[in-house]
Protein chains: 2
Amino acid sequence: MARPKHPQETRQRLLAAADEVFYAHGIRNSSVDEVAQRAGLTKRTLYYHFPSKDNLAAAYVQQRSDLTLARLIGAASSVAGPFAAKVAALFDAVERSATQAGWNGCPFIRTAGEFVDEPRHEAVRHASQHKKNLEAWFQAELVKDGYAGHQRLARQLMVLVDGAVAQLLLHRDPAYSQAAKQAAAALLGSARRPAAASR
Amino acid sequence: MARPKHPQETRQRLLAAADEVFYAHGIRNSSVDEVAQRAGLTKRTLYYHFPSKDNLAAAYVQQRSDLTLARLIGAASSVAGPFAAKVAALFDAVERSATQAGWNGCPFIRTAGEFVDEPRHEAVRHASQHKKNLEAWFQAELVKDGYAGHQRLARQLMVLVDGAVAQLLLHRDPAYSQAAKQAAAALLGSARRPAAASR
DNA sequence: GTCTATATGCCGATAGAC
DNA sequence: GTCTATCGGCATATAGAC
């Protein structure tokens, strides 16, 4: 077995292994043995770096949230022009991920579903917070572009994104993300900026 | 322990118990002991009526699908007038369910998430089929009302329904189903019937 | 048809050596 | 810091009595 000298490296390796295993099979359906083995370590070492499986699961969701937010907002922000164009780019990024091998749905919705009988679980709280963070970014961009009804529009965009992901998981058919993208464009189009509408 | 004489009654009782237990905790996170105990029977009797836990899980999802479709389509159909009004009633029915104690999200999305590493599982197939059945009803109603683009509109309605349910599970806030209902109204309004638009 | 009792295996977490 | 070995519990599924 490999024996890294620096504890932070070992911790990161365990987190990377947890990400693969938990995302592939679900948290409750994975064992800490699987995670440790994937990291090339033993269970006992895992428990040296993490106090419990629940704590490891929470760290996994938190790390996923950071990476996912950076990827989604990055894909949207890489496009110049109005907010509607950025939203279209975000839906395209979602579709690209979802059509790749190994894609297994939204880890945050899946975590909320897995631990529906433990709503206070730290992993569930991180999952909810992730969605709130994306919604807050939507809202800030809508305000920046002068949209009226930014609160409702941001909620509708969240509904469209998560609805598209749910359908993609159920049917594995990109037609649903296309439909969601068009719905987002229609909603943003009909709720034009008041400044533009009054000119 | 109660000893019903008719096997069909016992089977139904086990199915009712499975519905409660599986929906409350998830399928993989429930034991057949829990289900049998909830039914007032023993595990051995459960295995007399069902060949395996997987088979029981599939029967649970199938039964949930029948009841859910009847309830949703019934709530929509109880409203007179155009299809848009029926859709609004459907979103209201979803919100009423979701704000009741014991509501734990969409069992079909949750099942697809739980068994994401077993996509051929019978329970997963029933869950996908359930969504396809609701989408087919949407499409038939859209055709009946003379909407153009009924295929895309039906997909968008599915995205909005499941997106609303996902947000309701994550945040337990009916503002998201309200937002989804308004988005559905806006999409149906801007995609008016070609007959009405050309008159 | 329903029961008690059990086979067999995996789980999360820990003891103690080095 | 990482290892080998193990504890106690619970899982699905089955044996055999009545």
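Chain letters run A, B, ... following the sequence lines, proteins first and then strands; every chain starts at 1.
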Undergrad: Within the pair A/Thr42 and D/dC3, is there a side-chain N or O less than 4.0 Å away from OP1 or OP2?
TA: yes

Undergrad: Any donor and acceptor pair, going by atom type alone, linking the side chain of A/Tyr48 with main-chain N or O of A/Lys43 inside 3.5 Å?
TA: no

Undergrad: Is it true that atom CD of B/Gln37 has more than 12 heavy atoms of other residues, nucleotides or ligands lying nearer than 6.0 Å?
TA: no

Undergrad: Evaluate side-chain contact (heavy atoms from CB on, under 4.5 Å) for A/Glu141 paired with A/Tyr147, printing each intermediate quantity in order.
TA: CA-CA 9 Å; A/Glu141 292 290 314; A/Tyr147 277 91; over 6 Å; no

Undergrad: Given atom CG of A/Leu56 and atom P of C/dA13, what is their separation to the nearest angstrom?
TA: 10 Å

Undergrad: Among D/dC3, C/dC3, C/dG12, which nucleotide has an atom closest to any side-chain atom of A/Leu41?
TA: D/dC3

Undergrad: For B/Arg28, what residues pass the side-chain hydrogen bond (donor to acceptor under 3.5 Å, both in side chains) criterion, not counting sequence neighbours?
TA: B/Asp117, B/Glu118

Undergrad: Mind calculating the distance between CG (B/Asp33) and P (C/dC3) to the nearest angstrom?
TA: 12 Å

Undergrad: Figure out the CG/P separation between B/Asn29 and C/dG12, and round it to whole Å.
TA: 12 Å

Undergrad: Once you round it to whole Å, what is the distance between P of D/dT12 and CD of B/Gln37?
TA: 13 Å

Undergrad: Check A/Arg125 with A/Glu122, please: is the shortest side-chain N to carboxylate O separation under 4.0 Å?
TA: no

Undergrad: If I take atom NE2 in residue B/His25 and atom C1' in nucleotide D/dA11, what distance separates them, rounded to the nearest angstrom?
TA: 16 Å

Undergrad: Nearest whole Å is fine: how far is C/dG1 C1' from B/Leu14 CG?
TA: 12 Å

Undergrad: For nucleotides 5-8 of chain D, print each protein N/O atom paired with a nucleotide N/O atom at under 3.5 Å, atom names and distance only.
TA:
none

Undergrad: Tell me yes or no: between the side chains of A/Asp162 and B/Gln167, is some donor less than 3.5 Å from an acceptor?
TA: yes

Undergrad: For residues A/Glu20 and A/Tyr60, is any side-chain donor paired with an opposing acceptor at under 3.5 Å?
TA: no

Undergrad: Which whole-number value in Å describes the distance from B/Glu9 CD to C/dG1 C1'?
TA: 13 Å

Undergrad: May I ask you to evaluate whether B/Thr10 reaches the phosphate of C/dT2, defined as a side-chain N or O under 4.0 Å from OP1 or OP2?
TA: yes

Undergrad: Do any of residues 46-53 of chain B sit with a heavy atom less than 4.0 Å from DNA chain D, and if so which?
TA: B/Tyr47, B/Ser52, B/Lys53

Undergrad: Whether A/Arg64 engages the ring of A/Phe22 as a cation-pi pair (distance to the six-membered ring centre under 6.0 angstrom, angle to the ring normal within 45°) should be assessed.
TA: no

Undergrad: A/Thr45 side chain N/O closer than 4.0 Å to the phosphate oxygens (OP1, OP2) of D/dG1?
TA: no

Undergrad: Just the rounded figure in Å: distance from C1' of C/dC10 to CZ of A/Arg28.
TA: 17 Å

Undergrad: Whether the side chain of B/Lys86 engages the backbone of B/Ser78 through a donor-acceptor N/O pair (distance < 3.5 Å, no angle test) should be reported.
TA: no

